Amino acid sequence: MRALHLQRWRSLGAVLMLVLLMPHQAMAWLREGHTATAALAYDILEQRDPEAIAAILRLMQAHPDRARFDAQLDGLAGRAGERRMLELMAVWPDAVRRTPYDRPSWHYSPRIVSSMRRLIPIAFGSAQWAFGHNLAIAHDAAASDSDRAVALCWVMHIVGDMHQPLHTALWMSWRFPITDAGGQWVWVRASPDAAPERLGRFWDAAGHPGELALAHSGPVEAELTPDPSPDGETLSPDPETAFARWVAHSRELAHDVVYDGGRLKMGTSPGSAPVLPGDYVERAQTVSRAQLTAAGRRIGALLSGLR
């Protein structure tokens with residue numbers, strides 16, 4: 001029986017990873033959310049540990065994909081250029097999807113949050129391992145500057161991804177027997193006149209409605225508060241344990257808010273997409289901005305002390 005369950009977990013895991021890597025898979029928070037968390041982290045470091053910013057900029061000179069950053073900086077210098085660099089670092093792992101730099105499983109740590117989690121009580125994806133692995137490299141003075149630069153980008157991005165609830169959770173039911181793939185097989189409409197969209201895509205954009213075409217984080221980041229919590233509270237008792245706690249909280253939000261405890265009406269196709277309740281859209285925006293703020297503060301804390 002145990003072998004049968006193990007085989008079932010492996011089969012489901014293979015199916016889920018195929019789904020999560022399909023071209024339609026949304027990028028957590030889209031570009032604007034990730035750049036907002038990085039800009040907030042920069043502001044925190046500027047106040048508390050400007051030497052860490054200098055270290056980051058030094059390491060980024062050796063990034064193996066440096067030409068991509070230079071092209072997007074487009075000559076921007078000074079404080080604006082420094083801040084923009086951190087923003088580009090946070091989105092780099094999405095920018096290099098389907099290239100040799102891509103690490104698809106590092107973007108996710110989904111676990112079933114419905115009552116059927118008892119059948120398959122494991123998480124898929126490698127975000128937890130990747131976070132610890134990259135954080136260790138980023139702070140290792142003995143590692144090469146190029147390896148540390150790449151690791152820094154991944155740390156910033158993974159923390160952002162794990163604060164988007166649907167990168168940490170799956171809904172499994174009789175209607176979705178192999179799960180909803182983190183909202184990718186579920187369709188909704190934000191308003192009666194809105195086009196159908198995947199639930200995952202709705203949540204990726206929930207933190208910055210109406211601002212998806214922005215080239216910079218500006219208006220999104222401006223609504224986040226940089227008031228940082230003390231490092232000891234944020235990263236206690238150690239970064240990897242704290243990270244696991246952040247992921248667990250995202251899963252709680254997925255169950256309680258995203259899926260509304262199982263009460264959310266979800267369509268299985270664009271044609272069957274129901275209209276989300278008005279208060280649901282408002283709650284999604286409130287939760288998403290709180291999560292973006294938390295991610296930015298935590299990225300700042302994780303990069304503090306970097307030399």
Side-chain angles (χ1 to χ4, degrees), residues 26-49 52 56 83 86-94 106-110 125 127-128 130-132 134-135 138 151-169 182 200 203-209 211 214 216-231 233-236 239-254 257-258 284-304 306:
M27 302 176 183
W29 302 130
L30 303 185
R31 181 184 182 89
E32 290 71 33
H34 278 297
T35 57
T37 62
L40 182 55
Y42 177 90
D43 293 347
I44 290 171
L45 289 173
E46 185 179 43
Q47 296 173 24
R48 297 168 52 188
D49 190 5
I56 292 169
R83 200 166 187 255
L86 266 71
E87 294 177 357
L88 294 173
M89 290 170 65
V91 300
W92 180 78
D94 277 342
W106 290 8
H107 296 268
Y108 311 97
S109 184
Q128 178 76 48
F131 169 77
N134 284 286
L135 185 64
L152 281 169
C153 295
W154 275 107
V155 168
M156 297 173 71
H157 188 84
I158 291 170
V159 172
D161 274 354
M162 292 303 98
H163 282 74
Q164 206 280 52
L166 285 178
H167 271 237
T168 70
W203 274 89
D204 284 339
H208 35 95
E211 297 165 354
L214 294 175
H216 298 275
S217 64
V220 183
E221 185 271 334
E223 295 193 26
L224 308 185
T225 170
D227 180 28
S229 300
D231 285 0
E233 177 183 343
T234 304
L235 304 179
S236 176
E240 290 188 65
T241 302
F243 180 83
R245 187 169 63 246
W246 305 338
V247 173
H249 178 61
S250 288
R251 291 185 182 130
E252 291 173 1
L253 290 173
V257 181
V258 176
Q285 294 172 358
T286 299
V287 166
S288 293
R289 289 180 184 268
Q291 286 292 92
L292 286 169
T293 297
R297 292 176 179 176
R298 289 161 177 169
I299 291 170
L302 289 164
L303 301 186
S304 182
L306 192 76

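Predicted, not measured: the structure shown is a model, and the values here were computed from it.
Considering CG of Leu302 and CD1 of Ile158, their distance stands at 11.0 Å, rounded to 0.5 Å. Separating the CG atom in Asp161 from the CG atom in Leu166 is a distance of 12.0 Å, to the nearest 0.5 Å. Within the model, atoms CG of Asp49 and CD1 of Ile44 stand 12.0 Å from one another, a figure rounded to the nearest 0.5 Å.
Under the 4.5 Å side-chain criterion, counting only non-hydrogen atoms from C-beta, Met162 is not in contact with Trp246. In this structure the side chain of Trp154 reaches within 4.5 angstrom of the side chain of His107, judged on heavy atoms. Leu86 places none of its side-chain heavy atoms less than 4.5 Å from the side chain of Ile299.
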Review point. Does the side-chain contact (heavy atoms from CB on, under 4.5 Å) test come out yes or no for Gln291 and His249, once each step is laid out?
Key: CA-CA 10 Å; Gln291 286 292 92; His249 178 61; 3.7 Å; yes
Review point. Would Thr37 and Met156 satisfy side-chain contact (heavy atoms from CB on, under 4.5 Å), going step by step from the backbone distance to the final call?
Key: CA-CA 8 Å; Thr37 62; Met156 297 173 71; over 6 Å; no
Practice item. Decide yes or no on side-chain contact (heavy atoms from CB on, under 4.5 Å) for Arg298 and Leu40, but give the supporting numbers first. Key: CA-CA 10 Å; Arg298 289 161 177 169; Leu40 182 55; over 6 Å; no
Point to revise | Evaluation steps, side-chain contact (heavy atoms from CB on, under 4.5 Å), between Leu45 and Ile56 | key: CA-CA 11 Å; Leu45 289 173; Ile56 292 169; 4.2 Å; yes
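A donor-acceptor pair is defined here as one N or O able to donate and one able to accept, closer than 3.5 Å; such a pair exists between the side chain of Thr35 and the backbone of Glu32. At least one donor-acceptor pair closer than 3.5 Å links the side chain of Thr293 to the backbone N or O of Arg289. His163 places a side-chain N or O within donor-acceptor distance of the main-chain N or O of Val159, the cut-off being under 3.5 Å. A distance-only check finds no donor-acceptor pair linking the side chain of Arg31 to the backbone of Asp94 [under 3.5 Å].
Across all non-hydrogen atoms, the minimal contact from Pro165 to Leu253 is CG-CB, 4.1 Å. Taking both residues in full, the closest heavy atoms of Ala90 and Pro93 are given as O-CD, 3.8 Å, listed atom of the first, atom of the second, then distance. In terms of heavy atoms, Ala206 sits closest to Ser288 at CB-OG, 3.3 Å. Considering all non-hydrogen atoms of both residues, Cys153 and Trp92 come closest at CB-CE3, 3.8 Å. Across all their heavy atoms, Ala138 and Ala151 have their closest contact at N-CB, 3.9 Å. Nearest approach of Leu292 to Gly33, heavy atoms of both residues: CD2-O, 3.6 Å.
Between Phe243 and Phe131, the ring planes lie parallel to each other; the angle is under 30°, not in the 30° to 60° tilted range.
His34 and His157 have their aromatic ring centers within a separation under 6.0 angstrom.
Checked against Ser109 for a side-chain hydrogen bond (donor to acceptor under 3.5 Å, both in side chains), the options His167, Arg251, Gln128 give a single hit: Arg251.
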